[in-house]
Amino acid sequence: MFRLVHPRQTRLCLTHIHTVAQVGFGTGTNELYDRARPSYPKDSVSFIKKAAKTTAPLNIVEVGAGTGLFTRAFLAHDDGDETKIASLKAIEPSAGMRAVFKQKMTNDVVTISDGTFDNIPSVEDGWADLIIIAQAFHWCPDYGKACTEFARILKPDGAITFIWNLEDRDAAGWVAQLRDRIERHEMDTPQFRLGLWRQTFATESYIKNFKEPEEKEWAYHLDASEQIIYGTRNETSKPSWLKGDGRIWINESEGVFEYPYKTLVVVSRKK
């Protein structure tokens with residue numbers, strides 16, 4: 001039998017929470033999400049750090065921060081540059097996610113508060129050098145209102161950076177079969193892979209306030225095992241699609257193989 005729990009596939013939805021999210025963010029799901037969800041490749045984190053066109057310490061807003069997976073990767077990343085962070089204000093509508101975020105975050109420059117894409121009351125006008133939205137924006141149902149709020153809190157020449165991870169179904173047959181199983185349970189939700197979020201760039205508010213988006217993609221892999229795959233996807237029995245079918249072994253004697261992913265970053269700069 002195949003069952004799924006997708007906490008992060010049930011994300012932030014403006015001034016209300018998607019009904020699927022209310023289940024996905026229920027009691028006990030947030031720690032599981034934090035353990036199971038993959039982090040981000042270093043090159044993509046470095047790219048985002050350099051998106052702000054300033055040498056001054058950065059004021060950053062991360063909307064839909066969840067349990068802080070991207071936040072921790074961002075703060076831990078050090079590629080020898082001189083990028084400094086003055087303050088990072090994380091925004092997350094789920095109380096459960098905020099609780100896990102606070103448990104795992106020890107950096108004094110970081111705070112977290114309630115808020116949504118079109119309502120970020122804890123950030124004043126023109127405060128942010130950079131807005132980061134990791135693995136969340138595809139849940140936004142009103143892109144125009146969100147762009148208006150983003151323009152309000154950004155400084156002149158500030159930028160929004162959107163980042164997503166997704167398994168690379170074209171890299172191996174077993175990954176394609178895994179994605180097929182996942183996608184059957186999506187319940188017509190606005191998943192990243194559908195590209196509905198690209199409608200953002202045609203809204204009146206976006207065109208008024210932001211330049212044409214810039215995109216960059218990375219292909220990479222995680223070190224995985226059958227136990228990791230089972231834990232991430234909540235399998236209750238060993239699936240047939242993991243038997244061979246294109247796995248690239250890192251250490252076959254220990255059962256470790258490559259788990260192919262792609263990461264997309266989109267940068268939108270304020271006019």
Run the salt-bridge test on E212 and R269 with the 4.0 Å N-O cut-off and return the result as yes or no. no
Flag for T148-S205: side-chain donor and acceptor within less than 3.5 Å: yes
Derivation of the side chain to side chain contact (heavy atoms under 4.5 Å, CB included) call for F70 and Q135: CA-CA 9 Å; F70 182 85; Q135 210 74 22; over 6 Å; no
Is the backbone of W127 close enough, under 3.5 Å, to the side chain of N59 for a donor and an acceptor to pair up by distance? yes
W197: side-chain hydrogen bond (donor to acceptor under 3.5 Å, both in side chains) partners, not counting sequence neighbours: none
Side-chain (K270) to main-chain (A151) donor-acceptor, under 3.5 angstrom: yes
Any residue meeting side-chain hydrogen bond (donor to acceptor under 3.5 Å, both in side chains) with E258, in chain and number order, not counting sequence neighbours: none
Using a 3.5 Å cut-off and no angle test, enumerate the donor-acceptor pairs between side-chain atoms of residues 153-163 and protein atoms at least two apart in sequence or in another chain.
from, atom 1, to, atom 2, distance (Å)
K155, NZ, D129, OD1, 3.2
K155, NZ, D129, OD2, 3.4
T161, OG1, I131, O, 3.2

Closer than 3.5 angstrom, by distance alone: can the side chain of E92 be matched with the main-chain N or O of G66 as a donor-acceptor pair? yes
Residues clustered with V256, ILVMFWY side-chain links under 4.5 angstrom: I250
E183/R193 ion pair, N-O < 4.0 Å: yes
For H77, is there any backbone N or O sitting under 3.5 Å from a side-chain donor or acceptor partner on K49? yes
Taking the ring of Y143 and the ring of F201, is the distance between their centroids below 6.0 Å? no
Salt bridge or not for R152 and E124, using N-O below 4.0 Å? no
For residues F257 and Y259, establish whether the separation of their ring centroids is below 6.0 Å. no
Side chain to side chain donor-acceptor pair (under 3.5 Å) test vs N165 passes for just one of Y220, Y261, W218, namely Y220
Find the distance between CD1 (I132) and CG (L88) and round it off to the nearest 0.5 Å. 6.5 Å
Connected hydrophobic set around I248, excluding itself, where side chains approach under 4.5 Å: none
Heavy-atom donor-acceptor pair, T189 side chain to Q191 backbone, under 3.5 Å: no
Can you name the residues that form a side-chain hydrogen bond (donor to acceptor under 3.5 Å, both in side chains) with T71, not counting sequence neighbours? E62
Y40 and T263: side-chain donor and acceptor closer than 3.5 Å? no
Please answer whether the main-chain N or O of P93 pairs with a side-chain N or O of R98 as donor and acceptor at a distance below 3.5 Å. yes
